[in-house]
Amino acid sequence: MTYREIYQSWEADPEAFWMNAAEQIDWDRAPSYALDARNAPLYEWYPDAMVNTCYNAVDRHVIAGKGNQAAIIYDSPITDKKDTISYAELRDKTARLAGALRAKGVTKGDRVIIYMSMVPEAIVAMLACTRIGAIHSVVFGGFAAHELAVRIDDAKPKAILATSCGIEPGRVIAYKPLIDAAIEQSEHSPETVIILQREQQTATLSHSRDYDWDAVQDGVEPAECVPVEGMHPAYILYTSGTTGAPKGVVRPTAGHLVGLHWSMKNIYNVDPGDVFWAASDVGWVVGHSYICYAPLIHGNTTIVFEGKPVGTPDAGTFWRVMSEHNVRSFFTAPTAFRAIKREDPKGEFKAKYDLSGLQALYLAGERADPDTIKWAQDLLGVPVIDHWWQTETGWTIAGNPLGIEALPIKIGSPSVAMPGYEVHILDEAGNRQPENTLGAIAIKLPLPPGTLPTLWNADARYRSSYLTTFPGYYETGDAGIIDEDGYLYIMARTDDVINVAGHRLSTGAMEEVLANHPDVAECAVIGVSDQLKGQLPLGFLCLSNGVNRPHAEIVAECVQMMRDVIGPVAAFKLAVVIKRLPKTRSGKILRATMVKIADSEAFKMPATIDDPDILDEIKEALQSLGYAKD
Ligand code: COA
Ligand code: AMP
């Protein structure tokens, strides 16, 4: 069948389409129907089913005789370690850790925070939670104690699973002090903290709540898989919104299993047994869906890679991993390829490796710029597939479904909507726009299985963030166009979210941090274009009256504050002191205009600006940082 036929079959009978897809999952109680729309615009998928995620990702493959197949290949150029874990070993490790969690009183519905570097135990931790119906929330290691504390207070975890440290090029980050500081700052206290000691920096287990990863599993009875209801949350993943409070995206168990399984063959074109590699981090949605769950649910081998595209040790690392482990489909963020291209523009490292097993490269997480796509295409000689999705959806909204049919690639477009997604471009009043007209990208409700049903403990915020602007639609927060062939183009965000090295960050959250500096009276943070990371945050600081300390000192303090409060992942290194912020007469800060000036783009003087002269000062300030070139 062609893509068009499959999309139309979904349109004609979504219920049959998703019941059919559900047959790939091993249910404890099969769903008697797919969609429950009784509570629209809140929808439920497979609510009367009973199922276990870990059973589908691990145990069923062992039972089917694939116990010896590699489930996880660990490749860590940063520590010079490699390991392979079979499905049978993964089942045993998972059952043991789940048993230890159960022995510590963690049961179905309890939350567990996971704060770990890229080691296979991070996957074991996620699976151990879903094995007993506990709801995990993975926090990216690049977030600092405050961000961890915010998540602890929202998720109220009974336990935290962590590595003693994270390893970045040139430095080791002790995680345990960050965890202790976060628990100190938060109102909620977890009862148990389990630490996997890494030899690069072990942690002192100083509190009565602290346990060693191995010791806590000694002698415990391995836990069996606990069936849960279809809508039981498999996990919560926090992502940036407009304000400082992150949104806890809830992932429902049954739809997650069905959606991810469907995606592996149809989108990534791999068969069970093939090696699939997503070079991301378990802290991001790409890591959840395509390092951990989807490849395992589908019976693939997944790679846990601990390193960077460059510098660990060189710009040939990706090619080495692909050739050594015979990777068939590879997924990463465009920024990783920009980093390689910058270091090795002619792609000379590639010549050392045999990449004949690679059939396609998939890019997502940020805009894939045409230069990078063309460079990758020429170098690798395989299709480079841009696809668009979000933490909220958990899998592709628009892509090029190679497993169904290789559609013509239009560089600059993540191609077409996947079955389950009816994507429209709307104007401000919610009217559908004609072809090639820019507007807000919205998806007609219901969203397909696996997408967020709500935000953790925040139904009202879910409705106001996503369902209110355009009744009957999910508001993606992205703006773009759809062309005459149904190809989508993602042009910009419509909110204060920026995308730095494929990481989604909130400028609002950064402004909250800067505003806490004692000398800062007012501030604004914008995202400016960056050749490597796509965007970088840049802060404007207006100082309180009477402050006459050197500006460089204040800027340095602000940079440090951002690192301490949000974390190094914010990549906040640019800030400048100005006298006033440009505003409309009603007091709205003209961030979009400042972005245009910074990026040296033409802009129209906003009619409502209260003082046009101020823009010259902004331009000068930006020029002092190397932006706003004439
Ligand atoms: N724990 C602690 N610190 C971390 C971290 C972690 N897990 N991950 C990143 N950091 C730190 C980095 O060391 C860096 O610190 P620095 O300011 O002291 O240099 C900071 O956070 C910013 O990280 P990043 O923006 O990733 O920059 P980088 O210079 O370390 O690496 C790339 C740049 C392009 C190589 C890297 O971002 C990359 O590989 N990105 C693409 C893949 C990807 O993970 N995409 C995510 C979603 S698919
Ligand atoms: P995240 O939830 O962190 O995955 O970020 C999702 C956001 O990243 C989207 O809403 C887009 O703004 C951006 N994004 C993801 N994939 C793409 C893509 N292929 N092209 C353009 N932007 C993308």
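Quick note: numbers below take in every heavy atom, side chains included, and nothing from hydrogens, waters or symmetry partners. We count ligands from 1, going down the list as the structure has it; atoms in each ligand are counted the same way.
- Only side-chain heavy atoms of Y175 come within less than 4.0 Å of ligand 1; its backbone N, CA, C and O stay farther off.
- Using cut-offs of 30° and 60° on the angle between ring planes, the pair W375 and F337 is perpendicular.
- Distance check for atom 47 (C) of ligand 1: a protein heavy atom is found below 4.0 Å.
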Practice task
Report the C-alpha separation of W277 and H325 in whole Å, then their side-chain angles, then the decisive distance to 0.1 Å, and conclude whether the side chain to side chain contact (heavy atoms under 4.5 Å, CB included) test is met.
Solution key: CA-CA 10 Å; W277 179 24; H325 307 302; over 6 Å; no
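- In this structure, CZ on F349 lies 12.5 Å from CZ on R320, to the nearest 0.5 angstrom.
- Of all atoms in ligand 1, numbered sequentially from 1 with element shown, those under 4.0 Å from a heavy atom of V569 are 21 (O).
- Salt-bridge check for R591 with D496: failed, with every basic side-chain N at 4.0 Å or more from each acidic carboxylate O.
- Between K308 and E343 there is no salt bridge, since no side-chain N of the basic residue sits under 4.0 Å from a carboxylate O of the acidic one.
- Of the protein's non-hydrogen atoms, the one nearest atom 20 (C) of ligand 1 is P568 O, 3.3 Å.
- Within the 4.0 Å heavy-atom shell around ligand 1 one finds R171.
- Within the 4.0 angstrom cut-off, atom 5 (C) of ligand 1 has one or more protein heavy-atom neighbours.
- For E184, the CD atom sits in a loose shell: 12 or fewer heavy atoms of surrounding residues, nucleotides or ligands are nearer than 6.0 Å.
- In this structure, F318 falls outside the shell of residues with a heavy atom less than 4.0 angstrom from ligand 1.
- Looking at A279, G166, G311, G365 and measuring to atom 43 (C) of ligand 1, the nearest heavy atom belongs to A279.
- With A333, G142, G287 as candidates, the residue nearest to atom 45 (N) of ligand 1 on a non-hydrogen basis is A333.
- Atom 26 (O) of ligand 1 has H503 CE1, 3.4 Å as its closest protein atom, hydrogens excluded (heavy atom only).
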Short N or O contacts of ligand 2 with protein, under 3.5 Å, listed by atom name?
| residue | atom | partner | partner atom | Å |
| --- | --- | --- | --- | --- |
| ligand 2 | 2 (O) | T391 | N | 2.8 |
| ligand 2 | 2 (O) | T391 | OG1 | 2.5 |
| ligand 2 | 2 (O) | R504 | NH1 | 2.6 |
| ligand 2 | 8 (O) | G365 | O | 3.4 |
| ligand 2 | 8 (O) | N499 | ND2 | 3.3 |
| ligand 2 | 10 (O) | Q390 | NE2 | 2.9 |
| ligand 2 | 10 (O) | D478 | OD1 | 3.4 |
| ligand 2 | 10 (O) | D478 | OD2 | 2.6 |
| ligand 2 | 10 (O) | R493 | NH1 | 2.7 |
| ligand 2 | 12 (O) | D478 | OD1 | 2.6 |
| ligand 2 | 12 (O) | D478 | OD2 | 3.4 |
| ligand 2 | 16 (N) | G365 | N | 3.1 |
| ligand 2 | 19 (N) | D386 | OD1 | 2.8 |
| ligand 2 | 19 (N) | H387 | O | 2.8 |
| ligand 2 | 20 (N) | E366 | O | 3.3 |

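- Nearest protein neighbour of atom 37 (O) of ligand 1, counting heavy atoms only, is A501 CB, 3.5 Å.
- Nearest protein heavy-atom neighbour of atom 18 (O) of ligand 1: R563 NH2, 2.8 Å.
- The shortest non-hydrogen separation linking M118 to V304 is O-CG1, 3.7 Å.
- Interface of G141 with ligand 1, defined as ligand atoms under 4.0 Å from a residue heavy atom, comprises 1 (N), 2 (C), 6 (C), 7 (N).
- Within a 6.0 Å sphere centred on CD of E428, other residues, nucleotides and ligands contribute 12 heavy atoms or fewer.
- Between D281 and ligand 1, no pair of N/O atoms sits closer than 3.5 Å.
- R151 forms a cation-pi arrangement with F143, by the criterion of a distance under 6.0 Å to the ring centre and an angle within 45° of the ring axis.
- Considering only non-hydrogen protein atoms, atom 23 (O) of ligand 1 sits nearest to K533 NZ, 4.2 Å.
- Using a 4.0 Å cut-off between heavy atoms, R338 makes no contact with ligand 1 at all.
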Problem - side chain to side chain contact (heavy atoms under 4.5 Å, CB included) between F331 and H387, worked out - result: CA-CA 10 Å; F331 179 172; H387 60 322; 3.6 Å; yes
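- For the residue pair L363 and A333, the shortest heavy atom distance occurs at CD2-C, 4.2 Å.
- Close approach of ligand 1 to I173 is summarised as follows: ligand atoms under 4.0 Å from at least one heavy atom of the residue are 2 (C), 3 (N).
- Under a 4.0 Å criterion applied to the non-hydrogen atoms of P309, ligand 1 contributes the atoms 35 (C), 39 (O).
- Applying the side-chain contact (heavy atoms from CB on, under 4.5 Å) test between Y115 and each of L178, L161, V138, I152 identifies L178 as the sole match.
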Exercise for the section: Start with the C-alpha distance between E306 and I167, add both sets of side-chain angles, then the distance that settles side chain to side chain contact (heavy atoms under 4.5 Å, CB included), and finish with yes or no. Expected result: CA-CA 9 Å; E306 190 180 28; I167 302 155; 4.3 Å; yes
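- Considering backbone and side-chain N/O atoms, E168 comes within less than 3.5 Å of an N/O atom of ligand 1.
- The existence of a salt bridge linking K374 and D378 is excluded, since no basic side-chain nitrogen approaches an acidic carboxylate oxygen closer than 4.0 Å.
- Between H503 and F140, the two ring planes are tilted [angle within 30° to 60°].
- The number of heavy-atom neighbours closer than 6.0 Å to NZ of K596, taken from other residues, nucleotides and ligands shown, is 12 or below.
- Every atom of ligand 1 with a heavy atom of K573 under 4.0 Å away is listed here by number and element: 16 (P), 17 (O), 19 (O).
- Heavy-atom separations between F140 and ligand 1 include at least one value shorter than 4.0 Å.
- Residue K308 has at least one N or O atom closer than 3.5 Å to an N or O atom of ligand 1.
- Closest to atom 40 (N) of ligand 1, if we only count protein heavy atoms, is T335 CG2, 3.4 Å.
- Atom CD of Q531 has 12 or fewer heavy atoms from other residues, nucleotides or ligands within 6.0 Å.
- Under a 4.0 Å criterion applied to the non-hydrogen atoms of G502, ligand 1 contributes the atoms 46 (C), 47 (C).
- With contacts defined as side-chain heavy-atom distances shorter than 4.5 Å, the pair D478/R493 qualifies.
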